[in-house]
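Report on the following structure.
Quick note: residue numbers are just sequence positions, from 1. We count ligands from 1, going down the list as the structure has it; atoms in each ligand are counted the same way.
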Amino acid sequence: MAAATFLSRFSVFAIVFSLAHLSGFSLAGDPFVSYIFDVSYITASPLGVPQQVIAINGKFPGPVINATTNFNVDVNVFNHLDEPLLLTWNGIEMRRNSWEDGVLGTNCAIPRNWNFTYSFQLKDQIGSFFYFPSLNFQRASGGFGPLIINNREMIPIPFHKPDGEISFMIGDWYTQNHTALRSILDSGKELGMPDGVLINGKGPFKYNSSVPDGIEYETINVDPGKTYRIRVHNVGISTSLNFRIQNHKLLLAETEGRYTAQTNFTDFDIHVGQSYSFLVTMDQNASSDYYIVASARFVNETVWQRVTGVGILHYSNSKGSASGPLPVPSTDVSHPWSVMNQQRAIKQNTSASGARPNPQGSYHYGQINITSTYFLRSMPPTMINGSLRATINGISFLNPNTPMRLADRHKVKGVYKLDFPNKPLENRPPRLDRSIINGTYKGFMQIIFQNNDTKVQSFHIDGYSFYVVAMDFGIWTEDKKGSYNNWDAISRSTVEVYPGAWTAVLMSLDNVGVWNIRVENLDRWYLGQETYIRIINPEENGKTEMSQPGNALYCGALASLQKEQQHSSATSIVNGQLNLIFSLMMVLLALVSIG
Ligand SMILES: *[C@@H]1O[C@H](CO)[C@@H](O)[C@H](O)[C@H]1NC(C)=O
Ligand SMILES: *[C@@H]1O[C@H](CO)[C@@H](O)[C@H](O)[C@H]1NC(C)=O
Ligand SMILES: *[C@@H]1O[C@H](CO)[C@@H](O)[C@H](O)[C@H]1NC(C)=O
Ligand SMILES: *[C@@H]1O[C@H](CO)[C@@H](O)[C@H](O)[C@H]1NC(C)=O
Ligand SMILES: *[C@@H]1O[C@H](CO)[C@@H](O)[C@H](O)[C@H]1NC(C)=O
Ligand SMILES: *[C@@H]1O[C@H](CO)[C@@H](O)[C@H](O)[C@H]1NC(C)=O
Ligand SMILES: *[C@@H]1O[C@H](CO)[C@@H](O)[C@H](O)[C@H]1NC(C)=O
Ligand SMILES: *[C@@H]1O[C@H](CO)[C@@H](O)[C@H](O)[C@H]1NC(C)=O
Ligand SMILES: *[C@@H]1O[C@H](CO)[C@@H](O)[C@H](O)[C@H]1NC(C)=O
Ligand SMILES: *[C@@H]1O[C@H](CO)[C@@H](O)[C@H](O)[C@H]1NC(C)=O
Ligand SMILES: *[C@@H]1O[C@H](CO)[C@@H](O)[C@H](O)[C@H]1NC(C)=O
Ligand SMILES: *[C@@H]1O[C@H](CO)[C@@H](O)[C@H](O)[C@H]1NC(C)=O
């Protein structure tokens, strides 16, 4: 216990300094932040039932990674779970650097009791993102946390500097842990209704007698008249959530790295894997506290009432606790058109600067010719070779034993195939395969996500953001191109696709590497609904892609290249702390000598 306290106190703070040349990891002359993440189980009872959750430095959710455009980030991850671990960075573009992406197709898993230092630069990005464990359904037990990229000083943000910032990690939750949930899926069953919705790792406020006593709920303390930037991430398993704060407007300001045209909403649908920033002004009279609600969407909301997440917004001059019924969403999911209209209303602010001084609208994506089209159709899970699997274009993905780019570099053949079909093959039965998309470097790809499953799905592409040019019900056809938003579509990395509907996105293939394309709904992802896209500069000149990092782990066909690691976890953590202290001392010494 003492060791854990020492660790969390110590490693939550990060070292930031511009004397990057002092560090061996530095990728450029930009500042860097460095974190130590000790990933382990702790016992928590978010819904009143004790269970093992995945904590980082003893915290659930994990600590915020707070950095600025162009910063170099080091995260030294110690795996103290009882199974392999990878952390992935949802929405981070990892320019030229799929080596640090943290998914099984490009990285060997960190074995238990081992550590691995992710080391990457946040290129040309701003905004709100999050990290989570990508293997074995672990996200269902926690291990997630916010990742913020601030604007550089010189680049204006398109609103007044907020008086404060608050992150919300919202998500559906089961009282069974990820191994138990995995075995339900392995046995061919669906997970069924979750046991609750958590807000920042906490259960619901007792808003009426249906909520059991003694549940710890989230309270957000605010001052009247102030405006806060609220970042909300759906880190759940598979449930779309409607987020709202009683009596308060949510002014949408940013979506996964793009400033939006600012628009007021009373409530907002946030699908699994999505991130948003809202500006919220504390303009109410504080006659009482206010409810913060995250409720299930696109389900029978009457039945799902009991899994509603409820927190409390508490003004410093509040005159009493919140009471009465919860506020309800402004749109009714029985009118799916009206619901889709909210998502269609998300437009980029074309005159705002993003990560660079030039306006976001200066990249005229609508004038670029499409060089290839992939029509990706997801179907409800089906039996393949005796087990329940989920597919895209009839393929249920099998992860290669050797990560793909590592296999390329070490000339291991036959690990994967570049033959992912560009549309469903109607006459071929669904199959398991290691098939990925052959992307053309510098091409301009159109991807149509067509959802033939029965639930809302969100699709995500690692290493990229894409323009969401249209979505509609029915089946996509070529003539739908006429309806595309070619001017101010939002660019993001996770987009929802309604059941029986399609979403069209455009993407410039400028980031070399091998990148995961997945459904963010964990149950379908676990059953194989993912693939990768490989984008390689045919003239391999050593500049368009970073070289394999020195600490890359080896596995699969290359396992024999892996050196043994110190297994004594305690020793390695203490060494980590000593290294931190040492680097701090070096900085102080350098400052003293400069001074
Ligand atoms: C997960 O739950 C199963 C079944 O309840 C239990 O046997 C197992 O120990 C739990 N695992 C962890 C890591 O808590
Ligand atoms: C992140 O760091 C910036 C300064 O670099 C600070 O203004 C901001 O409050 C920090 N945000 C969080 C959430 O820690
Ligand atoms: C493991 O942590 C130690 C510090 O404790 C660090 O020196 C080493 O580079 C880390 N290993 C990897 C593979 O990143
Ligand atoms: C709890 O509140 C919800 C509405 O917010 C209502 O539907 C439900 O009937 C209430 N339950 C009880 C036991 O009062
Ligand atoms: C949003 O709502 C707030 C509070 O009602 C109002 O002051 C503000 O002008 C609105 N902003 C926009 C862009 O509509
Ligand atoms: C505070 O606002 C609420 C809701 O807008 C209103 O019902 C109430 O009368 C107001 N109270 C005071 C003291 O102004
Ligand atoms: C939701 O479930 C309730 C209770 O089972 C049922 O009465 C109602 O018809 C359902 N609503 C819809 C829209 O299916
Ligand atoms: C767009 O950004 C500019 C700053 O460049 C800002 O002045 C303007 O209010 C923003 N427009 C909207 C609709 O959010
Ligand atoms: C796009 O395609 C059209 C018609 O095929 C062609 O005329 C035009 O030059 C192309 N534009 C670019 C920028 O390649
Ligand atoms: C089923 O498994 C067998 C043996 O592992 C394999 O040869 C076959 O290709 C698999 N079938 C499908 C549809 O993937
Ligand atoms: C992948 O696409 C490139 C063109 O971008 C082509 O030259 C190459 O032959 C393709 N590879 C395979 C295996 O289809
Ligand atoms: C799935 O496809 C079938 C056959 O094309 C169609 O009848 C059905 O309505 C579709 N379902 C959804 C949810 O898209």
(request) Could you tell me whether atom 5 (O) of ligand 12 has at least one protein heavy atom nearer than 4.0 Å? (result) no
(request) Check if Ile475 has a non-hydrogen atom at a distance under 4.0 Å from any atom of ligand 12. (result) no
(message) Taking side-chain hydrogen bond (donor to acceptor under 3.5 Å, both in side chains) as the definition, give me every residue that meets it alongside Thr544, ordered by chain and number, with sequence neighbours left out.
(response) Asn537
(request) For the residue pair Arg344 and Met471, establish whether any side-chain heavy-atom pair is separated by less than 4.5 Å. (result) yes
(message) My understanding is that only one of Thr239, Asp523, Asn521 makes a side-chain hydrogen bond (donor to acceptor under 3.5 Å, both in side chains) with Lys455; could you say which?
(response) Asp523
(message) Please list the nearest protein heavy atom to atom 13 (C) of ligand 2 with its residue and the distance rounded to 0.1 Å.
(response) Ile148 CD1, 3.9 Å
In a table with atom names and distances, give each donor-acceptor pair under 3.5 Å that connects a side chain of residues 159-166 to protein atoms at least two apart or in another chain.
unit_1: Asp163; atom_1: OD2; unit_2: Thr227; atom_2: N; d: 2.8
unit_1: Glu165; atom_1: OE1; unit_2: Arg231; atom_2: NE; d: 3.3
unit_1: Glu165; atom_1: OE1; unit_2: Arg231; atom_2: NH2; d: 3.1
unit_1: Glu165; atom_1: OE2; unit_2: Arg231; atom_2: NH2; d: 3.2

(request) Using a distance threshold of 4.0 Å (strictly less than), state whether atom 2 (O) of ligand 9 has a protein heavy-atom neighbour. (result) yes
(message) I'd like to check whether Asn452 has a polar contact with ligand 12, where a contact means an N/O of the residue lying under 3.5 Å from an N/O of the ligand.
(response) yes
(message) Quick check: Asn369 and ligand 9, any N/O pair under 3.5 Å apart?
(response) yes
(message) Please classify the Asp453 to ligand 12 contact at 4.0 Å (heavy-atom distances, strictly less than): side chain, backbone, both or neither.
(response) backbone
(request) Flag atom 11 (N) of ligand 2 as yes if some protein heavy-atom distance to it falls below 4.0 Å, otherwise no. (result) yes
(request) Could you tell me the residue and atom name of the protein heavy atom closest to atom 7 (O) of ligand 2, and the distance to it rounded to 0.1 Å? (result) Lys161 NZ, 4.7 Å
(request) Specify the closest pair of heavy atoms between Pro46 and Gly201, including all atoms of both residues, with the distance to one decimal. (result) CB-O, 3.5 Å
(message) Under 4.0 Å from a heavy atom of Asn451: which atoms of ligand 12 are those, numbered in the order shown and with their elements?
(response) 14 (O)
(request) Kindly give the heavy-atom pair with the smallest separation between Ala67 and Leu122, and that separation in Å. (result) CB-CD1, 3.5 Å
(request) May I ask you to decide if the ring planes of Phe130 and His233 are parallel, tilted or perpendicular, using 30° and 60° as cut-offs? (result) perpendicular
(message) Checking the N or O distance criterion of under 3.5 Å, is ligand 2 in contact with Thr68?
(response) no
(message) Under a 4.0 angstrom heavy-atom cut-off, which atoms of ligand 2 come close to Asn66?
(response) 1 (C), 2 (O), 3 (C), 8 (C), 10 (C), 11 (N), 12 (C), 14 (O)
(message) Students often mix this up, so state it plainly: with edges at 30° and 60°, are the rings of Trp502 and Trp476 parallel, tilted or perpendicular?
(response) perpendicular
